[in-house]
Colleague: 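Quick one: the structure is below, and I'll ask about it shortly.
Owing to the predicted nature of the structure, the values given are computational and were not obtained by experimental measurement. Just so you know, these numbers use all the heavy atoms, side chains as well, and skip hydrogens, waters and symmetry mates.
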Amino acid sequence: MSTLMKRSSLQAAERRIMADLMNSFLSEQLLPLEGYSFIDFAAAPAPFRRLYKGYDSEEHNHNQNVASRYRLHTQGVLCLVETGVRQGTQWVQGSPIYEEKTDGSWVLVDSPAEVGRAVLQKALSDEAYALPGVVEFLISLDIAIEQYALGWEQVQYLSANVPASAYEWFIKGERVAALRDRPFHPSSKAKVGFNAEDVTRYAAEFGKAIALRWVAIRKDAVQQGCEDGLSILDVLDDVQRGVVEAEFARKGITLYEYLPMPVHPWQLEHVILPRFTGEIEEGSIVVLDVEVGDVQATSSLRSMAPSTESTRMLKFPVSVLSLGAARYLPVVKLLNGLAGERMLRQAVACDKTLKDKVYMCEEQNWWGFMPESMGLFDDHPRHLAAQIRVYPAELLGEAYKVIPMAALGVNLEGHHLLTEILGNDLSSTDVLDFYTSIATTFYDIVMRLFKVGVVPEIHGQNCCLVLKDNQVKGLLFRDHDSVRLHQPYLDKHGIADPAYHIRPGYSNSLYNETIQKLIFYVQSLGTQVNLAAIMEALSEVYHIPETKLWEITEQAWKEALQHVQLPESDRAALAHAIFGSKEWPVKLVVRPLLEADGVPGAMPSGKGIGWNPFYKG
């Protein structure tokens, strides 16, 4: 890897993370600082305008309107903003940011962590700034840049890689999606616990084979999802299975007493061996001295695809910290996945249109370490589990492509996956037509499910586009432990409460007592994250105004809402919440991390108030 390419990847990482950081600060009202507002750039004092010489209309005599669209934040932190469609006020990408020093001078701050410190020191009280979540967030920005840059070094290879089968398309889509991770989240690329070598060995962008490690767990300490389903050894071929069975014999244990369990090599070294010493010493867990079964990472990090074509994928804990949470795999989530999948399949069966458009992974085959002495909400057992995720076999047919929607939200340095799907020389009309079919299919399916009372995982990592002969055919849903619901609608369709396991005393987002609370997930994860990233990337690569793509999005959602069978009063209430209200609820990503208490648990999340991209008032 040349020094020039490394520098280019680092610059790409800093550019992307700075934009996501500044726009998160603006969206979550950490900027402007309390009591202050933005001023028109044209009316700003001359010393400030000189710091933004290239943005001043006086420097652009050919266009006197250049500066009129800009506004300036001048208190403590100097930054340039403009009106945008996704969140109203957005940072002018690439523009300099300055911090005011105690002597009144202004100093350029040019790294995301430095900008984060400068803004948060001024936006938060001393008490709030001293919380452990703040320093962890600032550290995670540096880690995110390093790991983003490492992955971005693969961008040219990924652009040039031409898949030869449906399975190879699936793998490529996962690797491209991993380049950006969660769109618009400034620290999403940080996998805290991975060093640079771990990233190159285990991150999806690199596509490297990962040899599975194995342990054996005494069966009285295992909980499983499906009694008469697959065996965990079904992820192996006959020869590989024989290797595991021979190791059982060498250790003097039997498959009657013990369950073999695949483990990620990082997890074995950093979590199982150091933290499960008691179980290993007493023999309830036996570490097997074999490496057998090659997989590679997908965009989800914990989910692994076999190196050879298969419908059976593997999911297991990799307990690094990401988005403020350890990426373990608790039995309680696996149990909720059983309930969520059953409910979602019942919902699909309520609408014959959905039967032809919705594809679902089967996630019933799983095994988790759960000794009798521990409970569903204890931390220790959630670091050792495995799930076989089964994809519909039809989707490996040569006519199909399954693309994680997040992969379509990645600008590959001026290249886009759509060109590879549809071919070179795409016109703006080709791109707009394809995006129209994405938005129309997405909202049609989501609103048909909504009318039954459910919203599955619809962010771009867990929601995949299904193409047949390069036409949008439907959506594939996976990761069913967070299928959200509105029980009154489910009751109308004869679908029972799934009886999710909810930790006592903790808030939950699975049960939504109003339709406004349920539609929030379509507004936030579905629109402001998933589709907004696709619109941004298509706009950048194909030079299409982003406003045009948002108009298509609005029209697609309006039509889906109009056609779906709902009580008229509910349709009117949803139309107001989606299109008529001046403000939308927004998913907070930074504030919850700042307020975290330093104890890794569930992913910190929150809800705030923000801009409605469809409001015309």
Side-chain angles (χ1 to χ4, degrees), residues 7 10-61 63-84 87-131 134-135 137-142 144-146 148-149 184 186-187 590-591 593-594:
R7 190 179 304 129
L10 190 61
Q11 288 169 346
E14 289 182 334
R15 194 164 56 241
R16 164 55 60 196
I17 289 169
M18 186 75 88
D20 289 344
L21 178 69
M22 286 298 292
N23 287 328
S24 294
F25 283 163
L26 292 163
S27 171
E28 300 184 25
Q29 280 125 51
L30 288 156
L31 284 174
L33 296 177
E34 193 171 350
Y36 297 94
S37 56
F38 301 108
I39 64 170
D40 288 339
F41 183 79
F48 290 158
R49 289 175 59 169
R50 277 197 292 274
L51 292 173
Y52 291 91
K53 208 170 177 185
Y55 298 86
D56 196 329
S57 62
E58 291 177 11
E59 305 292 320
H60 296 79
N61 293 325
N63 183 359
Q64 290 298 310
N65 295 320
V66 170
S68 63
R69 73 177 208 254
Y70 296 137
R71 288 171 294 150
L72 204 56
H73 184 274
T74 60
Q75 188 64 33
V77 173
L78 196 64
C79 61
L80 203 59
V81 300
E82 62 187 342
T83 299
Q87 62 172 54
T89 299
Q90 65 188 26
W91 178 58
V92 177
Q93 189 152 345
S95 61
I97 299 164
Y98 300 89
E99 179 184 14
E100 187 175 19
K101 294 301 179 184
T102 50
D103 63 0
S105 63
W106 293 90
V107 177
L108 182 70
V109 280
D110 56 4
S111 80
E114 280 295 293
V115 168
R117 178 199 51 74
V119 170
L120 296 176
Q121 272 186 336
K122 295 168 179 62
L124 302 177
S125 66
D126 290 346
E127 183 183 7
Y129 187 76
L131 290 173
V134 175
V135 69
F137 174 69
L138 295 175
I139 290 169
S140 75
L141 292 174
D142 282 334
I145 288 168
E146 178 194 13
Y148 192 115
F184 311 117
S187 64
V590 172
R591 282 188 183 270
L593 292 175
L594 302 178

Colleague: With rounding to the nearest 0.5 angstrom, report the CD to CG distance, Gln93 to Asp20.
Modeller: 8.5 Å
Colleague: Compare all side-chain heavy atoms of Leu26 with those of Trp91 and state whether any distance is below 4.5 angstrom.
Modeller: yes
Colleague: Within a strict 4.5 Å, meaning less than it, do heavy atoms of the Leu124 and Leu30 side chains meet?
Modeller: yes
Colleague: Do the non-hydrogen side-chain atoms of Trp106 and Phe48 ever get within less than 4.5 Å of each other?
Modeller: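 The answer is yes, as the side chains (C-beta and beyond) meet within the 4.5 Å cut-off.
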Colleague: If you round to the nearest 0.5 Å, how far is CZ of Phe25 from CZ of Arg591?
Modeller: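 These two atoms lie 10.0 Å from each other.
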Colleague: Give the minimum heavy-atom separation between Pro96 and Leu108, together with the two atoms involved.
Modeller: CB-CD1, 3.7 Å
Colleague: Return the CD1 to CZ distance between Ile145 and Arg16, rounded to the nearest 0.5 Å.
Modeller: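 So the CD1 of Ile145 and the CZ of Arg16 are separated by 13.0 Å.
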Colleague: Applying side-chain hydrogen bond (donor to acceptor under 3.5 Å, both in side chains) as the test, list every pair that has at least one member in residues 115-126; sequence neighbours left out.
Modeller: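 Non-adjacent pairs meeting side-chain hydrogen bond (donor to acceptor under 3.5 Å, both in side chains): Glu99-Arg117, Glu99-Lys122, Glu114-Arg117, Arg117-Gln121.
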Colleague: Using the ring centroid of each side chain, check whether Phe41 and Tyr55 are separated by less than 6.0 Å.
Modeller: no
Colleague: Output the distance between atom CZ (Arg15) and atom CG (Leu10), rounded to the nearest 0.5 Å.
Modeller: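 Interatomic distance, Arg15 CZ to Leu10 CG, rounded to 0.5 Å: 10.5 Å.
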Colleague: With a 4.5 Å limit on heavy-atom distance, are the side chains of Asp110 and Glu14 in contact?
Modeller: no
Colleague: Examine distances only and state if a side-chain atom of Asp103 and a backbone atom of Ser105 form a donor-acceptor pair shorter than 3.5 Å.
Modeller: yes
Colleague: Would you say that Leu594 contacts Leu131 through its side chain, given a criterion of any heavy-atom pair below 4.5 Å between the two side chains?
Modeller: no
Colleague: Between the main-chain N or O of Val590 and the side-chain N or O of Glu28, is there a donor-acceptor pair closer than 3.5 Å?
Modeller: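 Yes, the answer is positive, given that a donor and an acceptor are paired below the 3.5 Å cut-off.
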Colleague: Checking His73 side chain against Leu33 main chain: does a donor-acceptor pair fall under 3.5 Å?
Modeller: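 The answer is yes, because a donor-acceptor pair under 3.5 Å joins these two groups.
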Colleague: If only atom types and distance count, is the side chain of Tyr52 paired as donor or acceptor with the main-chain N or O of Leu72 below 3.5 Å?
Modeller: no
Colleague: Restricting to non-hydrogen atoms, name the atom on Val81 and the atom on Val92 that form the minimum distance, rounded to 0.1 Å.
Modeller: C-CG2, 3.7 Å
Colleague: Grab the two heavy atoms, one from Met18 and one from Ser111, that are nearest each other, plus how far apart they are.
Modeller: CE-C, 3.7 Å
Colleague: How many angstroms lie between CG in Asp142 and OG in Ser187, if you round to the nearest 0.5 Å?
Modeller: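 The CG atom of Asp142 sits 11.5 Å away from the OG atom of Ser187.
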Colleague: Any sub-3.5 Å donor-acceptor pair from Arg71's side-chain atoms to Ser37's backbone N or O?
Modeller: no
Colleague: Which heavy atom of Val115 sits nearest to which heavy atom of Met22, and what is that distance?
Modeller: CG1-SD, 3.7 Å
Colleague: Determine whether Leu138 and Leu120 make a side-chain contact, defined as any pair of heavy atoms from C-beta on separated by less than 4.5 Å.
Modeller: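 Yes, close enough: below the 4.5 Å cut-off.
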Colleague: Measure the CG-OH distance between Leu31 and Tyr36 for me, rounded to the nearest 0.5 Å.
Modeller: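 Here the rounded value is 13.0 Å.
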Colleague: Can you name the one residue among Val134, Leu141, Ile139 that meets side chain to side chain contact (heavy atoms under 4.5 Å, CB included) with Phe137?
Modeller: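 Exactly one pass, corresponding to Leu141.
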